[in-house]
Amino acid sequence: EQQFRTFESGDFLHVKGKVQLFQGSLQLIVNSFEKHDSARVELTDFMPHTKHDVSKLLERLKAAIRKISDPNLRTLGETYFIDDDFMRAFARCPAGVKIHHAYVGGLLEHVVTMMDIAEKILPLYPEVNRDLVVMGVFLHDSGKLRELTYARAFAYSDEGQLLGHLVIGIEMLDEKVRKVPDLTGEPFPAELHLRLKHLILSHHGEPQFGS
């Protein structure tokens, strides 16, 4: 019982035991177990994950943002790309705990798929600002990197439960906007900042869904 208290849900255990047949079924008789260092575990061995090549999805994402014609939005995209922690998390984060793309790499796959959809629909709406749509697709669920926990199992963080990914996404955007002058020497346009905030805050559509 004392050893049992040394681990919690989501931890990895190294178990030793033997398997035997009991009443027509196999059962494991555990002789010993110890907590295993999660840093030495490849999460995708234990968790569902995207069937796509993550490195290729990342290439497609970056290519789409770098095709944006507005230099301010393009530079904003770079502030996310040069943030190694952000990109590493973006490549691993699920898009949800249960509802959709609930697997390692699910968020990245969801965003790239949405960009493909946007590219097909945008020609039908020439009056729509293409650059804003593409950047909005990239950022709309970015707050899920902090809303969800996915290092060992999929769940909601305290911040995610209390704030939600729309508000968190705005906080992350504000942080990146402050870094744009480091790359350009110019402040990020306030009007553009406002419209990006609106895209993130409105994407659930209805107030009762969080927007």
**Report entry** Approximate separation, where rounding is to 0.5 Å, of Arg60 CZ and Ser55 OG
**Finding:** 11.5 Å
Query raised in the report: Side-chain contact, heavy-atom cut-off 4.5 Å: Tyr80 with Ile65?
Result: no
Report task. Only one of Leu196, Thr79, Thr75 passes side chain to side chain contact (heavy atoms under 4.5 Å, CB included) with Phe188; say which it is. Result -> Leu196
Query raised in the report: With hydrophobic residues grouped by side-chain heavy-atom distances under 4.5 Å, do Ile29 and Phe4 end up in a single group?
Result: no
Query raised in the report: For the residue pair Leu148 and Tyr150, what are the closest heavy atoms and their distance?
Result: O-CE2, 3.4 Å
Report task. For the pair Glu78 and Arg66, evaluate salt bridge (charged side-chain N to carboxylate O under 4.0 Å, His left out) and give the outcome as yes or no after the intermediate values. Result -> CA-CA 8 Å; Glu78 290 299 325; Arg66 287 168 178 162; 2.7 Å; yes
Query - Flag side-chain contact, heavy atom, 4.5 Å: Leu61 against Phe138 - result: yes
**Report entry** Non-hydrogen side-chain atoms of Glu159 and Glu147 separated by less than 4.5 Å
**Finding:** no
Requested in this report: Step by step, work out the side-chain hydrogen bond (donor to acceptor under 3.5 Å, both in side chains) result for His193 and Asp174.
Outcome: CA-CA 8 Å; His193 188 183; Asp174 289 344; 2.7 Å; yes
Report summary line: To the nearest 0.5 Å, atom CE of Met135 lies from atom CG of Asn129 at 11.0 Å
Query raised in the report: Should Pro48 and Val104 count as side-chain neighbours, where that means a heavy-atom distance under 4.5 Å?
Result: no
Report task. Take His49 and Val54 through the test side-chain contact (heavy atoms from CB on, under 4.5 Å) and record every step on the way to the result. Result -> CA-CA 10 Å; His49 55 89; Val54 169; over 6 Å; no
Query raised in the report: What pair of heavy atoms forms the shortest contact from Met115 to Ala64, and how long is it?
Result: SD-CB, 3.6 Å
**Report entry** N-O pairing of Glu109 and Lys51 below 4.0 Å
**Finding:** no
Query - Heavy-atom pair of closest approach, residues Ala89 and Leu145 - result: CB-CD2, 3.7 Å
Report task. Could you tell me the separation between the CZ atom of Arg92 and the CG atom of Leu107, rounded to the nearest 0.5 Å? Result -> 13.0 Å
Query raised in the report: Do Phe46 and Phe7 sit in the same hydrophobic cluster, where Ile, Leu, Val, Met, Phe, Trp and Tyr count as joined when their side-chain heavy atoms come under 4.5 Å apart?
Result: no
Query raised in the report: Is the His203 to His165 ring centre distance short of 6.0 Å?
Result: yes
Query raised in the report: How long is the gap from CD1 on Ile200 to CG on Asp141, to the nearest 0.5 Å?
Result: 9.5 Å
Query raised in the report: Should Leu122 and Tyr125 be marked as a side-chain contact (heavy atoms from CB on, under 4.5 Å) after you check the CA-CA gap, both sets of side-chain angles, and the distance that decides it?
Result: CA-CA 5 Å; Leu122 278 164; Tyr125 299 91; 5.7 Å; no
Query raised in the report: Hey, is NE2 on His36 packed in by over 12 heavy atoms from elsewhere, all under 6.0 Å?
Result: yes
Query raised in the report: Is it the case that Lys35 places NZ or CZ above or below the six-membered ring of Phe12, under 6.0 angstrom from the centre and within 45 degrees of the axis?
Result: no
Query raised in the report: Taking atom CD of Glu127 as the centre, does the number of heavy atoms from other residues, nucleotides or ligands within less than 6.0 Å exceed 12?
Result: yes
Requested in this report: Report whether Val112 and Leu58 are members of the same hydrophobic cluster (ILVMFWY, side-chain heavy atoms less than 4.5 Å apart, transitive linking).
Outcome: yes
Query - Shortest non-hydrogen contact between Ala95 and His110, atoms and distance - result: CB-CB, 4.3 Å
Query raised in the report: Does the pair Ile168 and Met172 meet the rule for a side-chain contact (heavy atoms from CB on, under 4.5 Å), with working shown?
Result: CA-CA 6 Å; Ile168 297 169; Met172 296 169 78; 3.9 Å; yes
Requested in this report: Please confirm whether the backbone N or O of Gly106 pairs with a side-chain atom of Thr50, one donor and one acceptor, at under 3.5 Å?
Outcome: no
Query raised in the report: Would you say Val180 and Ile82 are hydrophobically clustered, going by side-chain heavy atoms of ILVMFWY under 4.5 Å?
Result: no
Query raised in the report: Any side-chain heavy atom of Leu192 within less than 4.5 Å of one from Leu76?
Result: no
**Report entry** Close side-chain approach of Thr6 to Glu34, heavy-atom, < 4.5 Å
**Finding:** no
Requested in this report: Answer yes or no: is there an ion pair linking Lys176 with Asp83, defined by an N-O contact shorter than 4.0 Å?
Outcome: yes
Query raised in the report: Does some side-chain heavy atom of Met87 sit less than 4.5 Å from a side-chain heavy atom of Lys62?
Result: yes
Report summary line: When rounded to the nearest 0.5 Å, the distance separating CZ of Arg178 from CG of Leu173 is 9.5 Å
Query - Reference residue Ser32; test side chain to side chain contact (heavy atoms under 4.5 Å, CB included); the match among Gln3, Lys16, His14 - result: Lys16
Report task. For the pair Asp70 (side chain) and Asp131 (backbone), establish whether a donor and an acceptor sit closer than 3.5 Å, ignoring hydrogens and angles. Result -> no
Report task. Please find out if less than 6.0 Å separates the ring center of Tyr103 from that of Phe154. Result -> no
**Report entry** Leu132 side chain reached by Arg195 side chain, heavy atoms, under 4.5 Å
**Finding:** yes
Report summary line: Between Ala118 and Val133, the two heavy atoms sitting closest are CB-CG1, 4.1 Å
Report task. Establish whether Leu166 and Leu194 are linked, either directly or via other cluster members, by ILVMFWY side-chain heavy-atom contacts under 4.5 Å. Result -> no
Query - Heavy-atom pair of closest approach, residues Pro187 and Pro181 - result: CA-CG, 4.0 Å
Query - Interatomic distance, His140 atom NE2 to Ser202 atom OG [nearest 0.5 angstrom] - result: 11.0 Å
Query raised in the report: Passes side-chain contact (heavy atoms from CB on, under 4.5 Å), Leu28 versus Lys18? Steps please.
Result: CA-CA 6 Å; Leu28 176 67; Lys18 63 180 180 179; over 6 Å; no
Requested in this report: Verify the neighbour count for atom CG of Asp158: are there more than 12 heavy atoms of other residues, nucleotides or ligands below 6.0 Å?
Outcome: no
Requested in this report: Could you go through the salt bridge (charged side-chain N to carboxylate O under 4.0 Å, His left out) check for Arg88 and Asp85 one step at a time?
Outcome: CA-CA 5 Å; Arg88 199 159 33 243; Asp85 290 340; 2.7 Å; yes
Query raised in the report: So, for Phe90 and Phe86, is the gap between ring centers shorter than 6.0 Å?
Result: yes
